[in-house]
Amino acid sequence: MALDTTLSGEQADSYVTLAEYQARGAALGWTLAASDTADEVNLRRAAIALDVTYTWRGVIVQEFQAREWPRYTAEAHGYNFGAFGTMRDYPIRSDRIPREIKEAQMELAFLIQNGADPLATVDGLVKRKREKLDVLEEETEYFGGQGKPRYPAVDRLVRRYITGGPGQASMVRG
């Protein structure tokens, strides 16, 4: 089943087309999945993961759109500094998906293909691990509780478009 990338579409399941993903993969030297169908599945899971992991600035454009982007009145933290050295925010157009959001989806899709599961809950993340070979000794210390896997490359791509960190801040839709 072909990807639906309709902006604000009620059935949209991806921010990027298969052709965009394959072109980026070729440009970065990625070996993608053996079939277009597998690549499409990975892109769908990546779009879902982006939507449920991050709390985005602004509000969705259409009430019943399937994806979290495009967004209305969203502002991204800019890296241009004004006359007095302050960081500026700038509006994001509501008729497009920012390049970084598309790149984040493609990065996640490639990670998923290689075994990552950004939708998984991880029990006991490893805090410290020590191994000894001679008399075979192993010690592992875990953080308590549950967490979500983190993907720093994806976090960096979307940081200008989120409120707080991944899943940290709440947002009220108006």
Checklist line | Approximate separation, where rounding is to 0.5 Å, of Gln105 CD and Ser14 OG | finding: 3.5 Å
Margin query: Side chains of Glu107 and Tyr151: any donor to acceptor distance under 3.5 Å?
Written below: no
Note to self: Side chains of Ile162 and Arg57, heavy atoms from C-beta outward: is any pair under 4.5 Å?
What the structure shows: no
Check: Can you check side chain to side chain contact (heavy atoms under 4.5 Å, CB included) on Tyr161 and Tyr54, steps first, answer last?
Finding: CA-CA 9 Å; Tyr161 304 99; Tyr54 298 97; over 6 Å; no
Check: Between the side chains of Asn42 and Tyr21, does any donor sit under 3.5 Å from an acceptor?
Finding: no
Notebook entry, point to check: Taking NZ, NE, NH1 and NH2 as the nitrogens, is one of them in Arg67 or Asp13 under 4.0 Å from a carboxylate oxygen of the other?
Noted result: no
Check: Under 4.0 Å between a Lys/Arg side-chain N and an Asp/Glu carboxylate O for Arg24 and Glu20?
Finding: no
Margin query: Quick one, Asp51 with Tyr15, criterion side chain to side chain donor-acceptor pair (under 3.5 Å). Give me CA distance, side-chain angles, the key distance, then yes/no.
Written below: CA-CA 11 Å; Asp51 288 351; Tyr15 295 119; 2.5 Å; yes
Next item on the list: For the residue pair Pro118 and Thr53, establish whether any side-chain heavy-atom pair is separated by less than 4.5 Å.
Entry: no
Next item on the list: Check whether any side-chain heavy atom of Asp95 lies under 4.5 Å from a side-chain heavy atom of Pro70, and answer yes or no.
Entry: no
Check: Counting N and O atoms only, with roles assigned by atom type, does the side chain of Gln113 sit under 3.5 Å from a partner on the main chain of Ala33, one being a donor and the other an acceptor?
Finding: yes
Check: If you take all heavy atoms of Val158 and Ala104, which pair is closest and at what distance?
Finding: CG1-CB, 3.6 Å
Note to self: Just to verify, what does Phe110 make a ring-ring contact (aromatic ring centres under 6.0 Å, His included) with, not counting sequence neighbours?
What the structure shows: Trp30
Notebook entry, point to check: What are the two closest heavy atoms between Val61 and Tyr72, and how far apart are they?
Noted result: CG2-N, 3.8 Å
Margin query: Using side-chain heavy atoms (C-beta onward) and a distance below 4.5 Å, is Leu50 in contact with Glu68?
Written below: no
Notebook entry, point to check: Is there side-chain contact between Glu40 and Arg45, with heavy atoms separated by less than 4.5 Å?
Noted result: no
Check: So Leu119 and Ile48, side chain to side chain contact (heavy atoms under 4.5 Å, CB included) or not? Walk me through it.
Finding: CA-CA 8 Å; Leu119 298 171; Ile48 292 167; 4.1 Å; yes
Next item on the list: Answer with yes or no whether the hydrophobic clustering places Val41 together with Leu3; edges join I, L, V, M, F, W, Y residues whose side-chain heavy atoms lie under 4.5 Å apart.
Entry: no
Margin query: With a 4.5 Å cut-off on side-chain heavy atoms, are Val16 and Leu43 touching?
Written below: yes
Notebook entry, point to check: Would you say the side chains of Gln11 and Thr6 form a donor-acceptor pair under 3.5 Å?
Noted result: no
Next item on the list: Give the minimum heavy-atom separation between Arg159 and Arg156, together with the two atoms involved.
Entry: CG-O, 3.4 Å
Check: Do Leu28 and Met106 come close enough that some side-chain heavy atom pair is under 4.5 Å?
Finding: no
Item checked: Main-chain N/O of Gly9 paired with Gln62 side-chain donor or acceptor, under 3.5 Å -> no
Next item on the list: Start with the C-alpha gap between Arg160 and Glu100, add the side-chain angles, then the distance that decides, and say whether side chain to side chain contact (heavy atoms under 4.5 Å, CB included) holds.
Entry: CA-CA 9 Å; Arg160 297 182 338 174; Glu100 294 94 342; 2.9 Å; yes
Check: Are Trp56 and Ile101 close enough that some pair of their side-chain heavy atoms sits under 4.5 Å apart?
Finding: yes
Notebook entry, point to check: Can you list the steps and then say if Arg71 with Ser94 is a side chain to side chain contact (heavy atoms under 4.5 Å, CB included)?
Noted result: CA-CA 5 Å; Arg71 299 187 71 76; Ser94 61; over 6 Å; no
